[in-house]
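Step one of this worksheet: look at the structure below.
Hydrogens, waters and symmetry mates are skipped; everything else that's a heavy atom, side chains included, is used.
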There are 2 protein chains.
Amino acid sequence: MTELHKFAESEEMYLKTIAEISRHGNLVPVTNIAERLSISTVSASEMVHRLQDRGLLEHTPYKGVRLTTEGRKRAEGILRRHRLWECFLTEHLGLPWKQVHDFACQLEHVSEDALTDALDKHLGFPSFCPHGNPIPPAQGVLEGRETTPLSDLDVGQEGVVLCIREEDGEILDYLDARAVRPGSRVRIEEIAPYDGPRSVLMDGEKQVLGREVAEHILIELVHDNETE
Amino acid sequence: MTELHKFAESEEMYLKTIAEISRHGNLVPVTNIAERLSISTVSASEMVHRLQDRGLLEHTPYKGVRLTTEGRKRAEGILRRHRLWECFLTEHLGLPWKQVHDFACQLEHVSEDALTDALDKHLGFPSFCPHGNPIPPAQGVLEGRETTPLSDLDVGQEGVVLCIREEDGEILDYLDARAVRPGSRVRIEEIAPYDGPRSVLMDGEKQVLGREVAEHILIELVHDNETE
DNA sequence: AGTTAATATAAGGGTATCCTAACTATTGGA
DNA sequence: TCCAATAGTTAGGATACCCTTATATTAACT
């Protein structure tokens, strides 16, 4: 019988969220954290202080928050577990994307290294989760990849889908149904007025994607110099 | 992103514990619950009231507690998940018994039916966990099996190990190392004075087991009428 | 029947996490 | 430069669990 408490869980949600938002080492506004976790800014602020006291992040008032080395390590541990479970749920249990994400969100908090490592091995040491997000290594830190949100591309630009930012489950099913998956080749055909929906060619098929959705699709640009 | 809270976890530990203690529909003293969960009787009592208010159990003062139908259903759901995860951790990840139990104790609280059922299917719908405890069905209630603790057998009696009561992880490794596993044939050779350690023949090998340990080994008696 | 041991309840606290409402401090643009 | 919007803090609460230290109740044995 283990303890009844769960100190870690809440803390982990914060760290994970911060890590997800701050893809490029930027400062993360506390407001954004609160939004993503659907809690008040007061509560988020409070917790940010606690996490700072524990040495997991640094808060620059009126600017935002940045994970310390320790904080980042912890956050990557969570992402690692999340993504490994996603692999398992997808490949072995054959569950649909949306469920996979939601279940992984719960499984990620079971954090014994022995379990995570055994799972990793069982899965054959995968490098990416089903949505294309890189799986942090058991130790060491993930190096960044050069990605651009699909929403930042201009008409005519081309690229390959690297990953879907996994922030909620809803979007995953939506995109899965439209063949938006890691590896898909994409080209912007048209952008509607007022920064509106994008018409894109996704692996040859025409799709229309709203801007908000496009922000979650991370692209590796393909320079079409040779085409011109 | 799921909610930050975890109401269920503590509640589940209570239900599971009660279900484990009350194998035969007996009333479970609140004191025992407190002991098993390593909390004060005051806290246990408090929680028992809460669970009663939620209709999960009935408390008869000075007697004990009994799960309601709903409470039992919930408890069996937890045991089901626990034991399915144990199967997975043992068979697929190849982890040792003690770890398996401890990890399953955490995984059991991830309780989506879709996940549990997918896991069940992936494992080939097993009927027993690695320690021989029956896995409750997705719906319906587990019917009891006739078992006797090894500690209740007399010298000369024989039986087959049906299961190890899984209450903590420590004991599992201990017994595993002594070939005490579901299916092992056992015969009591000697009981030391003062209800002391039992000398037993376990699948032909001589082993000595303390009374406390023997209480956790559940036996199906084999009537040796024909032998005599 | 009377006492003791087991059980229950009451009183007073503690921590972690969340909330709203009101107030203050800073930033960044007009 | 000044002010509105943004960010942060203070104050006062709530809930779910957990604790210890009394004090009541009941059960059960002599």
Over how many whole Å does the gap from [X] atom [atom1] to [N] atom [atom2] extend?
X: E35(A); N: dC18(C); atom1: CD; atom2: P; answer: 16 Å
X: L51(A); N: dA16(C); atom1: CG; atom2: P; answer: 12 Å
X: M47(A); N: dT17(C); atom1: CE; atom2: P; answer: 4 Å
X: I33(B); N: dA6(C); atom1: CD1; atom2: C1'; answer: 15 Å
X: N32(A); N: dG8(D); atom1: CG; atom2: C1'; answer: 15 Å
X: E46(B); N: dG13(C); atom1: CD; atom2: P; answer: 16 Å
X: H49(B); N: dA10(C); atom1: NE2; atom2: C1'; answer: 11 Å
X: D53(B); N: dA16(D); atom1: CG; atom2: P; answer: 11 Å

- Item | For the student: nearest non-hydrogen atoms of N133(B) and I164(B), plus distance |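 Closest heavy-atom pair between N133(B) and I164(B): ND2-O, 2.9 Å.
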Looking at [X], does any N or O in its side chain come under 4.0 Å of the phosphate oxygens OP1/OP2 on [N]?
X: R50(B); N: dT15(D); result: no
X: K63(A); N: dG28(C); result: yes
X: S45(B); N: dT7(C); result: no
X: T31(B); N: dT7(C); result: yes
X: T41(B); N: dA8(C); result: no

Heavy atoms only, 4.0 Å cut-off, all strands: where does V42(B) land among base, sugar-phosphate and nothing?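 Base contact.
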Reckon S43(B) touches a base, only the sugar-phosphate, or nothing at all at heavy-atom distances under 4.0 Å?
->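 Contact class for S43(B): base.
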Reference residue H82(A); test side-chain hydrogen bond (donor to acceptor under 3.5 Å, both in side chains); the match among H109(A), Q106(A), E108(A):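 Exactly one option meets the side-chain hydrogen bond (donor to acceptor under 3.5 Å, both in side chains) with H82(A), and it is E108(A).
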Distance-only donor-acceptor test (3.5 Å): side chain Y62(A), base dT6(D) |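 Result: no qualifying N/O pair found.
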### Query
How far does CZ of R80(A) sit from CG of D113(A), to the nearest 0.5 angstrom?
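Reported value, rounded in 0.5 Å steps: 8.0 Å.
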Residue I39(A), side-chain heavy atoms: nucleotide from dC18(C), dT17(C), dC17(D) that is nearest
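Looking only at heavy atoms from C-beta outward on I39(A), the closest nucleotide is dC18(C).
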Closest to the H59(A) side chain, choosing from dG28(C), dG8(D), dT17(C):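 Side chain of H59(A) sits closest to dG8(D).
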Distance flag, aromatic centroids of H122(A) and H92(A), threshold under 6.0 Å: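 Ring-ring flag for H92(A)/H122(A): true, centres closer than 6.0 Å.
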### Message
Can you classify the ring geometry of W85(B) versus F88(A) as parallel (below 30°), tilted (30 to 60°) or perpendicular (above 60°)?
### Response
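If you compare the ring of W85(B) with that of F88(A), the planes turn out tilted.
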